[in-house]
Amino acid sequence: MTRASASKPRQPNGASSIYHGKDGRWHGRVTVGVKDDGTSDRRHVSRKTRAEVTKIVRELERQRDTGTVRKAGQWWTVKTWLTHWVENIAAAHVSENTIDGYRVAVYHHLVPGLGAHRLEKLQPEHLERFYKKMQDSGSSAGTAHQAHRTLRTALNEAVRRQHLTTNPSSIAKAPKVEEEEVEPYTVEEVQRLLAEAAKHRNTARWVIALALGLRQGEVLGMQWDDVDFELGVIRVRRGRLRPRYRHGCGDRCGRKPGFCPQKINTRRETKNAKSRAGQRPIGVPEELLQLLRRHKEDQARERTVARDLWTEKGYVFTSPIGEPLNPNTDYHKWKELLKAAGVRDARLHDARHTAATVLLILGVSDAIVDAIMGWEPGKSARMRRRYQHLTSRVLKDTAAKVGGLLWGTDETAGSAAPPEARQSPVPAELVVHVARLGERRVPFLHREHADEVVARWGEDWPDYAAEVEEWDRWRWEHQGPEGASAIRDRIPERAVVFHARALFLPGGERTATGGPEQWSVPAWDFETDRYTDRASAWRTTRRTGTGQEVEAQVRGTDKTAVEAAFAEACTQAVDRARNPGKYGDTDEW
């Protein structure tokens, strides 16, 4: 041992060291913990002067002793961290709808606006300037606030994993969102909407929204097993998810996945209600139960018309071939309903506000309101303030009660008009001739039209009763199921829908189905939907049973077009039978 080394005692294991290197710079080494592989996590810093190195070494020691030292590993940028978080962390633990919102905020706003920042150097001022720039560029305060909430959630996870010591989004001032006051529909507007809904397919869907306040996903996800006609109860158990598509053509069509003729849905159709409060029974008025019974009978007739094209999944509200309704299509149907009824424009969710306000008008207790609307106990008071609106009717009724208590008056007395005042201005002797076709009633102004429809419909569907009923105009307007404006003054059109069907084994060989390959069925315009207006439409499907056969199905109003489409459908069915992975039937392709 040399004299120099004997005079300088050795530092203990793990102690920090500062020394002057051969490169002319000062170096510091600090042990801050243990790496994932069990080796010592010893950090190295280098500066021109001893004072600079000493300052950094002391700061690392302080962070080590307080447990706030940054975790060793990748140097994250905002872009790399947000991308890793949304795809590998959040996607595995949140619902499909939530991850959709996260991805929009990350890829459309946060990464383009903040992605180049080093994660540990991100400051609250960067975020506040970014939010202002978003709003200056046309984004709403709500959109900027959604980006802020997403960033805060992602950076909280970075802090938890020690990639950050503090979350700058918890310090930054979030964009201020002014919550708009929703104006619920009046009772008169609701009645106009219900009258217009009676003229359209899936009438009960809108009645449930306005009368019971179910969310869009809850209505579209409802199945017949959830409807108890004996108890008069609907059990809310699940919600419909927005579909997400991918190409079934191998991305050869040149369209977006949602418009691909062979698109494949990659997302489950429904999810269970996310809370115990969301899974709830709701009492149903008798009038709505009767409407649901008629809707079930209408659906049975659609199933008969669609034949092999029908996909039975048990949903209450379906497309004309049995598939669950697409939420986007349902939204546009709502907008069409508002326009046809002459009612002011509003969101579909405002129907839920309307139903909650009706419960307020009726004086329903808070506990019952919470149960009907599906609000959790800890949030119910805030949700009632948000959804129940003090309408003029509520204010007038309250004022009348105060007046009755203090001055002995009752402003509500005599407000109900006598039955005579509510009669239709149309003369009562005007008769409506109603063709009763099974459980469906179709009104006509002329008796000969009703007689002809009954006769021809009875020939088409001999298993169902058909007769003509006489209704007076006032009774039909106020008690009839279809509404006054549905009265017909001409013979409805009757078309023939042609069907074709073939079945192929997994190797592509055609097999017998035991039924006719081609057939046709009659279809009146009042019992069908747009799916019978097309000259031809076809699809191929793989059966989920043990055989795994592929089925080609075609239908339309033009026999020649149906025959041509049938050849095209069979060609794809053979290819699908031989190459299942190509169409998403297996994971191999």
Side-chain angles (χ1 to χ4, degrees), residues 191-208 211 227 229 232 284-305 316-317 320 337 340-341 418-497 521-529 532:
Q191 291 171 344
R192 286 163 61 187
L193 284 170
L194 296 182
E196 180 62 31
K199 309 171 192 175
H200 300 271
R201 187 173 173 274
N202 286 331
T203 301
R205 185 264 174 274
W206 310 115
V207 179
I208 288 176
V227 182
F229 288 103
V284 183
E286 180 58 33
E287 293 80 1
L288 179 52
L289 286 174
Q290 293 178 5
L291 191 61
L292 283 170
R293 291 188 183 97
R294 288 199 296 271
H295 174 74
K296 193 171 187 179
E297 294 166 357
D298 291 342
Q299 191 180 87
R301 278 191 290 273
E302 287 188 340
R303 186 184 294 107
T304 302
V305 172
V316 174
F317 302 109
L337 179 65
E420 294 76 16
R422 299 194 300 269
Q423 288 187 356
S424 169
V426 182
E429 63 268 20
L430 183 59
V431 174
V432 178
H433 307 280
V434 180
R436 181 171 181 175
L437 312 173
E439 294 300 322
R440 180 192 297 275
R441 287 182 170 86
V442 183
F444 293 91
L445 288 177
H446 307 290
R447 174 71 188 227
E448 59 269 22
H449 294 167
D451 287 337
E452 183 173 348
V453 169
V454 165
R456 295 180 63 183
W457 195 88
E459 295 174 0
D460 293 340
W461 308 103
D463 294 335
Y464 293 93
E467 60 180 347
V468 177
E469 300 176 341
E470 304 290 348
W471 291 58
D472 67 74
R473 183 62 174 266
W474 184 91
R475 180 186 170 208
W476 178 260
E477 288 180 356
H478 293 81
Q479 301 177 8
E482 299 297 331
S485 59
I487 299 175
R488 297 170 178 262
D489 59 358
R490 63 179 179 82
I491 293 291
E493 295 182 0
R494 175 180 177 275
V496 176
V497 181
V521 293
W524 292 88
D525 65 7
F526 55 75
E527 65 178 349
T528 61
D529 202 65
T532 56

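Being a predicted model, the structure only gives us computed values, none of them experimental.
Closest non-hydrogen pair, Ala450 versus Ala435, comes out as O-CB, 4.2 Å. The two residues Ala204 and Leu291 come nearest to each other via the heavy atoms CA-CD2, 3.8 Å. When every heavy atom of Glu196 is checked against every heavy atom of Ala340, the shortest pair comes out as OE2-CB, 3.3 Å. When all heavy atoms of Val432 and Pro443 are compared, the closest pair comes out as CG1-CB, 3.6 Å.
Leu292 places a side-chain heavy atom less than 4.5 Å from the side chain of Ile208. Residues Val442 and Val434 are not in side-chain contact: their nearest non-hydrogen atoms beyond the backbone lie 4.5 Å or more apart.
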Between Leu437 and Val454, is a side-chain contact (heavy atoms from CB on, under 4.5 Å) present by the stated rule, with each step listed?
CA-CA 7 Å; Leu437 312 173; Val454 165; 4.0 Å; yes
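Every residue was checked against the side chain to side chain contact (heavy atoms under 4.5 Å, CB included) condition with Glu459, not counting sequence neighbours, and none meets it. Here Arg293 pairs with Glu286 under the salt bridge (charged side-chain N to carboxylate O under 4.0 Å, His left out) rule; sequence neighbours left out. Under the side chain to side chain contact (heavy atoms under 4.5 Å, CB included) criterion, Asn202 pairs with Arg205, His295, Phe317, Leu325, sequence neighbours left out. For Glu448, the side chain to side chain contact (heavy atoms under 4.5 Å, CB included) criterion is met by His446, not counting sequence neighbours. Shown here are the side chain to side chain donor-acceptor pair (under 3.5 Å) partners of His433, two or more places apart in sequence or in another chain: Glu470. For Arg456, the side chain to side chain contact (heavy atoms under 4.5 Å, CB included) criterion is met by Glu452, Arg494, Trp524, not counting sequence neighbours. The side chain to side chain donor-acceptor pair (under 3.5 Å) check on Glu297 picks up nothing, with sequence neighbours excluded.
A distance-only check finds no donor-acceptor pair linking the side chain of Thr203 to the backbone of Lys199 [under 3.5 Å].
In summary, of the residues considered (Arg440, Arg201, Lys296), a salt bridge (charged side-chain N to carboxylate O under 4.0 Å, His left out) with Glu302 occurs for Arg201 alone.
Atom CG of Leu193 is separated from atom CH2 of Trp206 by 10.0 Å, given to the nearest 0.5 angstrom. Atoms CZ and CG, from Phe444 and Asp451 in turn, are 10.0 Å apart once rounded to the nearest 0.5 Å. With rounding to the nearest 0.5 Å, the separation of CD1 in Ile491 from NE2 in His449 is 4.5 Å.
The pair Arg294-Asp298 does not count as a salt bridge, with every side-chain nitrogen at least 4.0 angstrom from each carboxylate oxygen.
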